[in-house]
> 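Next up is a structure, given as C-alpha coordinates.
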Amino acid sequence: MITDAHVFDDEHVPDRLLHRDAAVGQLARAFEPALDGAAPGDVLLYGPHGVGKTVLCRHTFDRLQARADAAWAHVETMGLSTAGVIRATLDALGGDPAPTTPREDLCLALRERVDRPTVVVLDEGDELPGGALARLLDVPLVGVVPIVHDRAEWRSRLADDHRQRFDAREVGLDRYTVAELADILDPRARKGLRTSVPRPYLERIADQAAGRARTAIQTLRSCAELAADQDCAIDAVNVRVAAERARTRVRRQTLASLPTHHQVVYALVWTADRLTPGELHDRYEAVADDLYRDRDRTPVGERARRAKLLKLVHYDLVERDGGVLRAVDKAVRPRVEIPD
DNA sequence: TATCCACCGGAATTTATGGAAG
DNA sequence: CTTCCATAAATTCCGGTGGATA
(Lines give C-alpha, C1' and ligand atoms only; values in the text may rest on other atoms or scores of the structure.)
Protein backbone atom coordinates (compact mmCIF):
# COMPACT_ATOMS: atom_id res chain seq x y z
CA MET A 1 0.00 0.00 0.00
CA ILE A 2 2.75 2.46 0.96
CA THR A 3 5.31 2.76 -1.82
CA ASP A 4 7.30 5.73 -0.49
CA ALA A 5 7.19 6.08 3.29
CA HIS A 6 9.51 9.06 3.10
CA VAL A 7 6.72 11.46 2.10
CA PHE A 8 5.08 10.86 5.49
CA ASP A 9 8.17 11.78 7.49
CA ASP A 10 8.04 14.97 9.52
CA GLU A 11 11.24 16.11 7.86
CA HIS A 12 9.89 15.68 4.35
CA VAL A 13 9.76 18.97 2.46
CA PRO A 14 7.22 18.82 -0.40
CA ASP A 15 8.05 20.18 -3.85
CA ARG A 16 5.35 22.79 -3.46
CA LEU A 17 4.35 24.29 -0.16
CA LEU A 18 0.61 24.71 -0.57
CA HIS A 19 -1.41 27.54 0.97
CA ARG A 20 1.61 29.21 2.51
CA ASP A 21 2.40 31.65 -0.30
CA ALA A 22 2.13 34.75 1.88
CA ALA A 23 4.34 33.31 4.59
CA VAL A 24 6.92 32.05 2.10
CA GLY A 25 6.99 35.53 0.56
CA GLN A 26 7.49 37.25 3.90
CA LEU A 27 10.22 34.89 4.97
CA ALA A 28 11.97 35.00 1.60
CA ARG A 29 11.97 38.79 1.72
CA ALA A 30 13.50 38.74 5.19
CA PHE A 31 16.24 36.40 3.97
CA GLU A 32 17.02 38.55 0.92
CA PRO A 33 20.09 40.33 2.31
CA ALA A 34 21.82 36.95 2.08
CA LEU A 35 21.74 37.30 -1.69
CA ASP A 36 24.27 40.09 -1.30
CA GLY A 37 26.33 38.23 1.24
CA ALA A 38 24.82 40.00 4.25
CA ALA A 39 23.04 38.53 7.27
CA PRO A 40 19.53 37.23 6.66
CA GLY A 41 16.96 39.21 8.64
CA ASP A 42 15.77 37.85 11.97
CA VAL A 43 12.18 36.60 11.95
CA LEU A 44 9.85 35.52 14.72
CA LEU A 45 7.78 32.62 13.46
CA TYR A 46 4.72 31.68 15.50
CA GLY A 47 1.72 29.39 15.33
CA PRO A 48 0.24 26.21 16.79
CA HIS A 49 1.75 22.72 16.68
CA GLY A 50 1.94 20.90 13.39
CA VAL A 51 1.02 23.66 10.97
CA GLY A 52 4.30 23.64 9.08
CA LYS A 53 6.49 26.20 10.79
CA THR A 54 9.68 24.20 10.51
CA VAL A 55 8.93 23.01 7.00
CA LEU A 56 8.27 26.60 5.96
CA CYS A 57 11.74 27.59 7.14
CA ARG A 58 13.40 24.69 5.41
CA HIS A 59 11.52 25.26 2.19
CA THR A 60 12.28 28.96 2.08
CA PHE A 61 15.90 28.38 2.94
CA ASP A 62 16.26 25.78 0.19
CA ARG A 63 15.02 28.33 -2.31
CA LEU A 64 17.46 30.89 -0.92
CA GLN A 65 20.34 28.46 -1.12
CA ALA A 66 19.68 27.89 -4.80
CA ARG A 67 20.55 31.53 -5.38
CA ALA A 68 23.05 32.33 -2.65
CA ASP A 69 25.89 30.84 -0.68
CA ALA A 70 24.18 30.40 2.66
CA ALA A 71 24.34 28.04 5.64
CA TRP A 72 21.57 26.55 7.73
CA ALA A 73 21.36 25.39 11.32
CA HIS A 74 18.25 23.86 12.81
CA VAL A 75 18.35 23.62 16.59
CA GLU A 76 15.86 21.85 18.85
CA THR A 77 16.14 24.17 21.82
CA MET A 78 13.71 22.62 24.28
CA GLY A 79 15.39 22.07 27.61
CA LEU A 80 18.75 23.46 26.51
CA SER A 81 20.73 25.99 28.50
CA THR A 82 22.37 29.02 26.92
CA ALA A 83 25.59 27.10 26.39
CA GLY A 84 23.57 24.15 25.13
CA VAL A 85 21.91 26.22 22.42
CA ILE A 86 25.20 27.69 21.25
CA ARG A 87 26.80 24.24 21.24
CA ALA A 88 23.92 22.73 19.26
CA THR A 89 24.16 25.56 16.73
CA LEU A 90 27.88 24.99 16.35
CA ASP A 91 27.22 21.28 15.99
CA ALA A 92 24.65 21.86 13.27
CA LEU A 93 27.16 23.98 11.35
CA GLY A 94 29.69 21.19 11.38
CA GLY A 95 31.72 22.22 14.42
CA ASP A 96 32.67 19.61 16.96
CA PRO A 97 32.90 21.28 20.36
CA ALA A 98 34.03 19.27 23.38
CA PRO A 99 31.22 18.73 25.90
CA THR A 100 32.95 20.89 28.49
CA THR A 101 33.90 23.82 26.31
CA PRO A 102 33.16 27.03 28.28
CA ARG A 103 30.24 29.09 27.06
CA GLU A 104 32.33 32.04 25.95
CA ASP A 105 34.68 29.78 24.02
CA LEU A 106 31.67 28.29 22.27
CA CYS A 107 30.56 31.77 21.24
CA LEU A 108 34.01 32.52 19.85
CA ALA A 109 34.12 29.22 17.99
CA LEU A 110 30.72 29.98 16.50
CA ARG A 111 31.82 33.40 15.28
CA GLU A 112 34.81 31.80 13.68
CA ARG A 113 32.79 29.12 11.96
CA VAL A 114 30.18 31.44 10.46
CA ASP A 115 31.80 32.65 7.28
CA ARG A 116 28.72 33.19 5.11
CA PRO A 117 25.10 34.26 5.57
CA THR A 118 23.57 31.77 8.00
CA VAL A 119 20.01 31.04 9.04
CA VAL A 120 19.72 29.69 12.59
CA VAL A 121 16.30 28.23 13.29
CA LEU A 122 15.54 27.90 17.01
CA ASP A 123 12.75 25.35 17.13
CA GLU A 124 10.53 24.97 20.20
CA GLY A 125 11.88 28.35 21.24
CA ASP A 126 9.15 29.27 23.73
CA GLU A 127 11.43 28.88 26.72
CA LEU A 128 14.60 29.87 24.94
CA PRO A 129 17.10 31.29 27.44
CA GLY A 130 17.50 35.02 26.83
CA GLY A 131 21.27 34.67 26.95
CA ALA A 132 21.31 32.25 24.04
CA LEU A 133 19.27 34.57 21.86
CA ALA A 134 21.50 37.51 22.74
CA ARG A 135 24.67 35.62 21.82
CA LEU A 136 23.26 34.48 18.49
CA LEU A 137 21.89 37.90 17.55
CA ASP A 138 25.38 39.17 18.23
CA VAL A 139 27.09 36.96 15.66
CA PRO A 140 27.71 38.73 12.33
CA LEU A 141 26.11 37.13 9.24
CA VAL A 142 23.62 35.19 11.37
CA GLY A 143 19.87 35.61 11.00
CA VAL A 144 17.87 34.08 13.85
CA VAL A 145 14.45 32.52 13.37
CA PRO A 146 12.85 31.55 16.70
CA ILE A 147 9.84 29.30 16.29
CA VAL A 148 7.32 29.73 19.10
CA HIS A 149 3.72 28.99 19.93
CA ASP A 150 2.73 32.10 21.86
CA ARG A 151 3.95 35.22 20.11
CA ALA A 152 2.88 37.75 22.76
CA GLU A 153 4.25 35.75 25.66
CA TRP A 154 7.57 35.28 23.92
CA ARG A 155 7.93 38.96 23.07
CA SER A 156 7.10 40.01 26.60
CA ARG A 157 10.11 38.13 27.96
CA LEU A 158 12.47 39.94 25.60
CA ALA A 159 14.72 42.86 26.39
CA ASP A 160 13.63 46.00 24.55
CA ASP A 161 16.56 46.15 22.15
CA HIS A 162 16.09 42.50 21.22
CA ARG A 163 12.38 42.95 20.75
CA GLN A 164 13.04 45.69 18.24
CA ARG A 165 15.02 43.28 16.09
CA PHE A 166 11.77 41.41 15.50
CA ASP A 167 9.48 44.41 15.07
CA ALA A 168 7.75 44.12 11.70
CA ARG A 169 9.58 40.83 11.29
CA GLU A 170 6.97 38.39 12.42
CA VAL A 171 5.34 35.63 10.46
CA GLY A 172 2.30 33.90 11.91
CA LEU A 173 0.88 30.62 10.67
CA ASP A 174 -2.69 29.55 11.28
CA ARG A 175 -4.33 26.19 11.25
CA TYR A 176 -5.34 24.98 7.83
CA THR A 177 -8.92 24.65 6.67
CA VAL A 178 -10.25 21.22 5.78
CA ALA A 179 -10.01 21.98 2.06
CA GLU A 180 -6.43 23.20 2.40
CA LEU A 181 -5.43 20.11 4.34
CA ALA A 182 -7.00 17.88 1.71
CA ASP A 183 -4.94 19.73 -0.91
CA ILE A 184 -1.83 19.03 1.12
CA LEU A 185 -2.64 15.36 1.55
CA ASP A 186 -3.41 14.77 -2.11
CA PRO A 187 0.12 14.96 -3.58
CA ARG A 188 1.48 12.86 -0.73
CA ALA A 189 -1.12 10.18 -1.33
CA ARG A 190 -0.24 10.19 -5.03
CA LYS A 191 3.46 10.02 -4.37
CA GLY A 192 3.53 7.71 -1.39
CA LEU A 193 0.69 5.25 -1.99
CA ARG A 194 0.07 2.61 -4.61
CA THR A 195 -3.64 3.33 -4.98
CA SER A 196 -5.38 6.64 -5.26
CA VAL A 197 -7.42 8.09 -2.42
CA PRO A 198 -10.82 9.70 -3.10
CA ARG A 199 -11.01 13.39 -2.26
CA PRO A 200 -13.96 13.04 0.15
CA TYR A 201 -11.93 10.57 2.17
CA LEU A 202 -8.98 12.96 2.34
CA GLU A 203 -11.41 15.56 3.62
CA ARG A 204 -12.57 13.21 6.34
CA ILE A 205 -8.98 12.74 7.41
CA ALA A 206 -8.50 16.50 7.32
CA ASP A 207 -11.59 16.99 9.41
CA GLN A 208 -10.08 14.87 12.20
CA ALA A 209 -6.85 16.80 12.21
CA ALA A 210 -7.99 20.11 13.73
CA GLY A 211 -6.16 22.11 11.10
CA ARG A 212 -2.79 20.50 11.72
CA ALA A 213 -0.94 19.21 8.69
CA ARG A 214 1.35 16.96 10.72
CA THR A 215 -1.63 15.20 12.28
CA ALA A 216 -3.40 14.83 8.94
CA ILE A 217 -0.33 13.38 7.24
CA GLN A 218 0.30 10.88 10.02
CA THR A 219 -3.35 9.86 9.93
CA LEU A 220 -3.19 9.28 6.18
CA ARG A 221 -0.20 7.08 6.75
CA SER A 222 -2.05 5.07 9.38
CA CYS A 223 -5.03 4.72 7.05
CA ALA A 224 -2.73 3.17 4.46
CA GLU A 225 -1.15 0.84 7.00
CA LEU A 226 -4.54 -0.31 8.25
CA ALA A 227 -5.79 -0.83 4.71
CA ALA A 228 -2.79 -3.05 4.08
CA ASP A 229 -3.33 -4.95 7.34
CA GLN A 230 -6.99 -5.54 6.64
CA ASP A 231 -6.49 -6.02 2.91
CA CYS A 232 -9.22 -3.51 2.06
CA ALA A 233 -9.55 -0.25 0.13
CA ILE A 234 -8.09 2.70 1.97
CA ASP A 235 -11.39 4.52 2.20
CA ALA A 236 -12.90 1.55 4.00
CA VAL A 237 -10.65 2.32 6.94
CA ASN A 238 -12.19 4.07 9.94
CA VAL A 239 -10.56 7.48 10.13
CA ARG A 240 -10.94 7.78 13.89
CA VAL A 241 -9.18 4.49 14.41
CA ALA A 242 -6.39 5.56 12.09
CA ALA A 243 -6.04 8.89 13.86
CA GLU A 244 -5.69 7.13 17.20
CA ARG A 245 -3.13 4.77 15.73
CA ALA A 246 -1.17 7.76 14.46
CA ARG A 247 -1.15 9.31 17.91
CA THR A 248 0.05 6.03 19.36
CA ARG A 249 2.90 5.89 16.85
CA VAL A 250 4.03 9.40 17.78
CA ARG A 251 3.91 8.53 21.48
CA ARG A 252 5.93 5.37 20.94
CA GLN A 253 8.57 7.36 19.12
CA THR A 254 8.63 9.91 21.91
CA LEU A 255 9.00 7.25 24.58
CA ALA A 256 11.75 5.51 22.65
CA SER A 257 13.73 8.75 22.59
CA LEU A 258 13.74 9.14 26.38
CA PRO A 259 16.54 7.91 28.68
CA THR A 260 16.50 5.23 31.38
CA HIS A 261 14.97 7.08 34.33
CA HIS A 262 12.00 8.20 32.28
CA GLN A 263 11.52 4.65 31.07
CA VAL A 264 11.38 3.36 34.63
CA VAL A 265 8.90 6.00 35.78
CA TYR A 266 6.71 5.41 32.74
CA ALA A 267 6.80 1.65 33.26
CA LEU A 268 5.65 2.08 36.86
CA VAL A 269 2.74 4.31 35.88
CA TRP A 270 1.72 2.15 32.92
CA THR A 271 1.86 -1.08 34.90
CA ALA A 272 -0.20 0.31 37.78
CA ASP A 273 -3.10 1.72 35.73
CA ARG A 274 -3.75 4.37 38.36
CA LEU A 275 -1.52 5.47 41.18
CA THR A 276 -0.83 8.40 43.44
CA PRO A 277 2.57 10.09 43.59
CA GLY A 278 3.13 8.54 47.00
CA GLU A 279 2.50 5.06 45.61
CA LEU A 280 4.78 5.79 42.69
CA HIS A 281 7.65 6.57 45.04
CA ASP A 282 6.96 3.50 47.16
CA ARG A 283 7.01 1.21 44.14
CA TYR A 284 10.06 2.90 42.74
CA GLU A 285 11.95 2.24 45.95
CA ALA A 286 10.69 -1.33 45.97
CA VAL A 287 11.88 -2.24 42.49
CA ALA A 288 14.74 0.22 41.94
CA ASP A 289 17.55 -2.10 43.03
CA ASP A 290 16.31 -4.87 40.76
CA LEU A 291 15.68 -2.63 37.80
CA TYR A 292 18.94 -0.75 37.86
CA ARG A 293 21.15 -3.70 38.73
CA ASP A 294 22.54 -4.22 35.24
CA ARG A 295 22.11 -0.75 33.88
CA ASP A 296 24.80 1.90 33.81
CA ARG A 297 22.70 4.22 35.95
CA THR A 298 21.70 4.30 39.60
CA PRO A 299 18.24 5.07 41.00
CA VAL A 300 17.37 8.73 41.49
CA GLY A 301 15.72 10.57 44.37
CA GLU A 302 12.16 11.84 44.59
CA ARG A 303 12.83 15.30 43.26
CA ALA A 304 14.49 13.92 40.14
CA ARG A 305 11.59 11.50 39.64
CA ARG A 306 9.18 14.42 39.75
CA ALA A 307 11.20 16.07 36.99
CA LYS A 308 10.99 12.90 34.87
CA LEU A 309 7.29 12.70 35.52
CA LEU A 310 6.82 16.30 34.47
CA LYS A 311 8.46 15.54 31.16
CA LEU A 312 6.28 12.48 30.63
CA VAL A 313 3.20 14.63 31.22
CA HIS A 314 4.54 17.29 28.90
CA TYR A 315 5.04 14.69 26.16
CA ASP A 316 1.49 13.42 26.57
CA LEU A 317 2.59 10.01 27.78
CA VAL A 318 1.26 10.37 31.33
CA GLU A 319 -1.72 12.36 32.55
CA ARG A 320 -2.43 13.73 35.98
CA ASP A 321 -6.08 13.59 36.92
CA GLY A 322 -6.18 15.51 40.12
CA GLY A 323 -3.48 13.75 42.06
CA VAL A 324 -3.76 10.43 40.24
CA LEU A 325 -1.29 9.38 37.57
CA ARG A 326 -2.23 7.32 34.54
CA ALA A 327 -0.66 6.31 31.25
CA VAL A 328 -2.39 8.27 28.49
CA ASP A 329 -2.20 5.42 25.99
CA LYS A 330 -2.19 1.80 27.15
CA ALA A 331 -1.09 0.78 23.65
CA VAL A 332 2.25 2.44 24.33
CA ARG A 333 3.90 -0.36 26.23
CA PRO A 334 6.82 0.40 28.53
CA ARG A 335 10.26 -0.57 27.36
CA VAL A 336 11.38 -1.92 30.72
CA GLU A 337 9.77 -4.76 32.62
CA ILE A 338 8.62 -4.13 36.18
CA PRO A 339 9.29 -7.14 38.45
CA ASP A 340 6.44 -8.05 40.85
C1' DT B 1 -11.79 28.84 60.37
C1' DA B 2 -7.38 26.78 61.64
C1' DT B 3 -4.23 23.30 60.91
C1' DC B 4 -2.31 19.39 59.08
C1' DC B 5 -0.45 16.82 55.24
C1' DA B 6 1.06 15.40 50.71
C1' DC B 7 2.74 17.20 46.94
C1' DC B 8 4.69 20.46 43.58
C1' DG B 9 8.37 22.78 41.50
C1' DG B 10 11.91 26.87 41.92
C1' DA B 11 16.48 27.91 43.45
C1' DA B 12 20.83 26.89 45.46
C1' DT B 13 24.19 23.50 46.04
C1' DT B 14 26.63 19.24 45.20
C1' DT B 15 28.17 15.46 42.32
C1' DA B 16 29.55 13.12 38.02
C1' DT B 17 31.80 13.38 33.86
C1' DG B 18 35.33 14.06 30.71
C1' DG B 19 38.44 17.25 28.06
C1' DA B 20 42.53 20.22 28.76
C1' DA B 21 46.58 21.77 31.08
C1' DG B 22 50.58 20.93 33.82
C1' DC C 1 49.03 10.56 35.65
C1' DT C 2 47.04 14.22 38.36
C1' DT C 3 44.72 18.42 38.74
C1' DC C 4 41.72 21.77 37.08
C1' DC C 5 37.66 23.37 35.10
C1' DA C 6 32.97 23.77 32.86
C1' DT C 7 28.73 21.72 32.08
C1' DA C 8 24.75 18.77 33.05
C1' DA C 9 22.28 16.21 36.20
C1' DA C 10 20.96 15.17 40.70
C1' DT C 11 20.17 16.41 45.48
C1' DT C 12 18.96 19.47 49.13
C1' DC C 13 16.20 22.88 50.82
C1' DC C 14 12.05 25.14 51.10
C1' DG C 15 7.93 28.23 50.23
C1' DG C 16 3.44 27.68 48.24
C1' DT C 17 -0.94 25.18 47.08
C1' DG C 18 -5.00 22.72 47.83
C1' DG C 19 -7.68 19.17 49.90
C1' DA C 20 -9.14 16.99 54.22
C1' DT C 21 -10.39 17.29 58.88
C1' DA C 22 -11.51 18.95 63.55
Side-chain angles (χ1 to χ4, degrees), chain A residues 73 75-113 120 122-136 138-139 149-150 153-154 156-157 254-270 272-328 335-336:
Chain A
V75 179
E76 204 62 60
T77 65
M78 202 199 293
L80 294 183
S81 62
T82 297
V85 172
I86 306 294
R87 174 178 296 111
T89 307
L90 197 48
D91 251 336
L93 292 172
D96 188 19
T100 55
T101 309
R103 189 174 56 199
E104 297 312 313
D105 291 3
L106 288 169
C107 293
L108 289 173
L110 181 62
R111 281 165 175 274
E112 216 162 282
R113 177 147 288 266
V120 177
L122 303 174
D123 220 334
E124 300 293 326
D126 290 84
E127 288 155 51
L128 187 70
L133 183 66
R135 309 311 174 111
L136 289 170
D138 217 33
V139 179
H149 297 117
D150 188 335
E153 194 276 336
W154 193 81
S156 73
R157 295 193 303 119
T254 308
L255 181 64
S257 73
L258 294 173
T260 307
H261 301 310
H262 300 79
Q263 302 294 344
V264 172
V265 173
Y266 180 76
L268 285 165
V269 174
W270 185 93
D273 275 343
R274 293 165 47 83
L275 81 172
T276 65
E279 289 165 348
L280 171 69
H281 292 308
D282 289 346
R283 297 193 185 195
Y284 187 97
E285 315 266 338
V287 300
D289 284 344
D290 259 351
L291 270 182
Y292 282 89
R293 183 170 300 135
D294 45 20
R295 292 173 202 280
D296 55 345
R297 314 236 138 227
T298 51
V300 291
E302 289 198 18
R303 181 66 186 87
R305 287 174 227 157
R306 285 205 290 273
K308 312 304 171 197
L309 198 53
L310 197 65
K311 196 155 197 171
L312 291 171
V313 171
H314 187 84
Y315 282 147
D316 195 33
L317 290 166
V318 170
E319 63 187 348
R320 255 201 284 244
D321 182 11
V324 183
L325 304 168
R326 190 176 330 136
V328 170
R335 303 165 67 83
V336 301

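Order of the sequence lines fixes the chain letters, A, B, ..., with proteins taken first and strands second; residue numbering starts at 1 for each chain.
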> Tell me, yes or no, whether the heavy-atom count around A:Glu127 atom CD, taken from other residues, nucleotides or ligands under 6.0 Å, exceeds 12.
no
> What integer distance in Å separates A:Arg303:CZ from B:dC8:C1'?
8 Å
> Would you call A:Glu104 and A:Arg135 a salt bridge, using N to O less than 4.0 angstrom?
yes
> Grab the CG-C1' distance between A:Leu310 and B:dC7 for me, whole Å please.
13 Å
> Is any NZ, NE, NH1 or NH2 atom of the basic residue among A:Arg326 and A:Asp273 found under 4.0 Å from an Asp or Glu carboxylate oxygen of the other?
no
> Listing request: all ring pair (Phe, Tyr, Trp, His ring centres under 6.0 Å) pairs with a residue in residues 298-326 of chain A, at least two apart in sequence or in separate chains.
none
> Could A:Asp138 and A:Arg111 be called an ion pair, given the rule that one side-chain N must be under 4.0 Å from one carboxylate O?
yes
> Could you tell me whether A:Arg305 contacts a base, only the sugar-phosphate backbone, or nothing, with contacts defined as non-hydrogen atoms closer than 4.0 Å?
nothing
> Could you go over nucleotides 18-20 of chain B and give all protein N or O partners under 3.5 Å, atom names and distances?
none

> Any residue in residues 276-289 of chain A with a heavy atom nearer than 4.0 angstrom to DNA chain B? Just list them by number, or reply none.
A:Pro277, A:Gly278
> What verdict does the side-chain contact (heavy atoms from CB on, under 4.5 Å) test give for A:Val120 and A:Val139, after you've listed the backbone C-alpha separation in whole Å, the side-chain angles of each residue and the deciding distance to 0.1 Å?
CA-CA 11 Å; A:Val120 177; A:Val139 179; over 6 Å; no
> Please confirm whether A:Arg305 makes a cation-pi placement over A:Tyr284, using NZ or CZ under 6.0 Å from the six-membered ring centre and within 45° of the ring normal.
yes
> Do A:His261 and A:Tyr266 pair up side chain to side chain, a donor and an acceptor below 3.5 Å, judged on atom types alone?
no
> List the residues meeting side chain to side chain contact (heavy atoms under 4.5 Å, CB included) with A:Ala272, not counting sequence neighbours, and say none if there are none.
A:Leu275, A:Arg283
> How about CD on A:Glu319, more than 12 heavy atoms from neighbouring residues, nucleotides or ligands closer than 6.0 Å, or not?
yes
> Could you tell me the separation between the CG atom of A:Leu309 and the P atom of B:dC7, rounded to a whole number of Å?
12 Å
> First and last nucleotide of DNA chain C touching chain A, 5' to 3', heavy-atom cut-off 4.0 Å?
C:dA6 to C:dT12
> Between the side-chain atoms of A:Arg306 and the base atoms of B:dG10, is any donor-acceptor pair under 3.5 Å?
no
> Test of understanding: with salt bridge (Lys or Arg N to Asp or Glu O under 4.0 Å), list the residues that count as partners of A:Asp289, not counting sequence neighbours.
none
